[in-house]
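Convention: sequence-line order gives letters A, B, ...; per-chain numbering from 1.
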Amino acid sequence: MIEVNIKGIGKIKLDKEKSIFSTVKRIDKKFAKKLIAAKVNGREVDLSYVLKENDSVGLIKIGDKEALDILNHSMAHIMAYAIKNLYPEAKFTIGPAIEDGFYYDIDLEDTISSEDFPKIEKEMKKIIKKNYNFERSLVSKEEARSIFKDNPYKLELIDEIPDKVLSIYKTGEFIDLCSGPHIPSLSKIGAFKLLSVAGAYWRGDEKNKMLTRVYGTAFFDQKDLDNYLKRIEKAKISDHRKIGKDLDLFSFHDEAPGFPFFHSKGMVLRNNILKYWRQEHRAEGYQEIKTPIILSNELWKTSGHWDNYKDNMYFVKIDEKDFAIKPMNCPGAILIYKSDQHSYRELPIKYAELGLVHRHEKSGVLHGLFRVRNFTQDDAHVFCTEEQMEEEIAKIINLIDRMYKVFGFEYHLELSTRPPKRIGSDEIWDRAENVLKKVMGDGNFAYEINEGDGAFYGPKIDFHIKDCLDRTWQCATIQLDFAMPEKFDIEYVGEDNSKHRPVMIHRVVLGSIERFIGIITEHYSGNFPVWLAPVQAIVLPISEKFKTYAESIYSSLKKEGFRIEIDNRVESLSKKIRLSELRKIPYMIVIGKNEQNTGTITIRKKTGGDMKEIKLENFIADIKKEIKEKKL
RNA sequence: GCCCGGAUAGCUCAGACGGUAGAGCAUUUCCAUGGUAAGGAAAAGGCCACCGGUUCAAGUCCGGUUCCGGGCUCCA
């Protein structure tokens, strides 16, 4: 007689050891059908797991996040099985479940393209029809080595597993090294689809062989797959590269790969963001500066960039002397600090700089405005005393929080600690990391730790924003730096009339203005709030008869400073509305006989429906209020 | 940088087997003077990314280059 505790069911006595599935089935047959796997004493196991005395069991059923992960992981095996059937020489490496799907990395002589997907999917369906089980068995390391003797990747993995006994799973003829668990039956698979194929280095190391990675996704229900595919489609139409082109915001050209061109409508976004940015920074006591783009190599040697950042920098020669195009703004700010003596009374000194930096990025990583080779950082360098730094960091966090709210962003924090390649002593790093931890702790900010990801001169707090494809992007960062002041030997005169070393805080709020514009474009799907919209309203006369009145409305609004257009073309109203909708202009102003007679205008909001005939001055007051409040 | 794929009109895309280019939208003009997401007609618009090769003949086949896309590595 053994006793186990099953969460949601309670303590159960069994007269002999039984599997989880048969135990639950005896109690609730219907419920058992929904089961996918279980967690015994905190470890995920198959439903075939045989219960032991005192086991504490949590059930994983359809609907749980873990269940979907297990399904996807099982699908990776099925896909591998199918690929093995079609490409017998394929060597399999790892095939995990990931967010929204799974992949398998395969060493393959043939190339697979998305055109091969139907063929592979068909083979997968054939396998699923056979309704195999995932048969788990335990083998010794020696047995495992002999089973996978032709697969150097699996052998490498086997050698690294500390356990003496390894688990393998057999599905039909396909055997894979795997800790499991798996779905109890292939009949649980509701729907699946192969999504894409890509290259991936073995173990993510670019020195290793490039493997073929096939991505796919699976769900318990066809409807869930359909919804997922719809979501992907929706993300595609929010893509800032597409919207940027459609709305004439920016462009890229072969003549300057990775260097964005901003069109006049894109500049409206940019200038309005910066206007707001300057307003916030003035209020916070920042002084705006501007430093050169080209600076002597000597400076970059002093700063440590030459040793730590050279591969990402561009260089030029001027009058036989070597110069670098700045990849960061800090040395310039330091030169300004050094151009004068400073007293403790002046601190903190906060230099803000919208600095254009250039960084050489590998060609394969360029990605619209998200990843470019030149960008404008909304940078600032705070020079302060050690006593002031906590307060200053807290102020920066609050500033970032305030500014992100205006755009309606969610974000999370990460603390990046000392990287292998760095300047400054371990004591300095300890101190700096502790200060950042303390400030986040005091402010009750949850954060993750990103081990070894700090800048070469100091640890940092990073703010990550989520975009429409659920990718996260680093925007704001706060970096604490004891090293650079040392290198540049900067100082202030203290209360005691002797010289002291200030601490430097590097920080950006929006990060890169270019990237930020990309992010908000996706965030709003191009439907910018009125304060940002490149065109805020468009006047649409119903016919030529009302041209004069329409033009008078247009010029009144223009005079008020709004970004306004008029569509005077000889086209139907429906067509003009459609085109304005496609251009995502927030307000359409329809002018016809009624409006002319009563001296009013009719407002049509982009969202449709909501139409009203009002007086021009009321509209002006409304829209001014909306702009002032930066209404979302 | 690496793997796979792509590049045809301003935009979105068609173009079997090689025989020198086609649609829709946008643009211009004309007709219709219109009431809330495409009124009708016509015109104009192309070094088919670039360089080379095969061929009587290349948008199409083969090399190479550039750029773009999906990933990997890296990153604001």
Counting primed atoms, P, OP1 and OP2 as sugar-phosphate and everything else as base, the B/S/- map of nucleotides 4-10 of chain B against protein heavy atoms under 4.0 Å is S------

Between A:Tyr201 and B:rC74, is there a side-chain N or O to OP1/OP2 distance below 4.0 Å?
no

Looking for any heavy atom pair under 4.0 Å, which part of the strands does A:Asn594 touch: base, sugar-phosphate only, or nothing?
base

Over all strands shown, is A:Val357 touching base, sugar-phosphate only, or nothing at heavy-atom distances under 4.0 angstrom?
nothing

Is there a side-chain contact between A:Ile400 and A:Ile478 (heavy atoms, below 4.5 Å)?
yes

Which is true for A:Glu514 with a 4.0 Å heavy-atom rule: it touches a base, it touches only sugar-phosphate, or it touches nothing?
nothing

Taking the chi torsion of B:rC68, is it syn (within 90° of 0) or anti (everything else)?
anti

Short N/O separations, protein against nucleotides 63-67 of chain B, under 3.5 angstrom:
from: B:rC67; atom 1: O2'; to: A:Asp254; atom 2: OD1; distance (Å): 2.7

Taking the chi torsion of B:rA16, is it syn (within 90° of 0) or anti (everything else)?
syn

Flag the pair A:His358 / A:Phe375 as yes when their ring centroid distance falls below 6.0 Å, and as no otherwise.
no

Do A:Phe375 and the base of B:rA76 stack face to face, with centres under 5.5 Å apart and an angle between planes under 30°?
yes

Check whether any side-chain nitrogen or oxygen of A:Lys575 sits under 4.0 Å from OP1 or OP2 of B:rA26, and answer yes or no.
yes

Which word best sums up how the rings of A:His367 and A:His240 line up, parallel for under 30°, tilted for 30 to 60°, or perpendicular for over 60°?
tilted

Verify the contact: side-chain N or O of A:Gln474 to OP1 or OP2 of B:rA76, cut-off strictly under 4.0 Å; return yes or no.
yes

Quick one: is B:rA37 close enough that its OP1 or OP2 comes under 4.0 Å of any side-chain N or O from A:Arg583?
no

Opposite nucleotide pairing with B:rC72, Watson-Crick or G-U, both atom distances under 3.5 Å
B:rG1

A:Ser512 side chain: which of B:rC72, B:rG70, B:rA76 is closest?
B:rA76

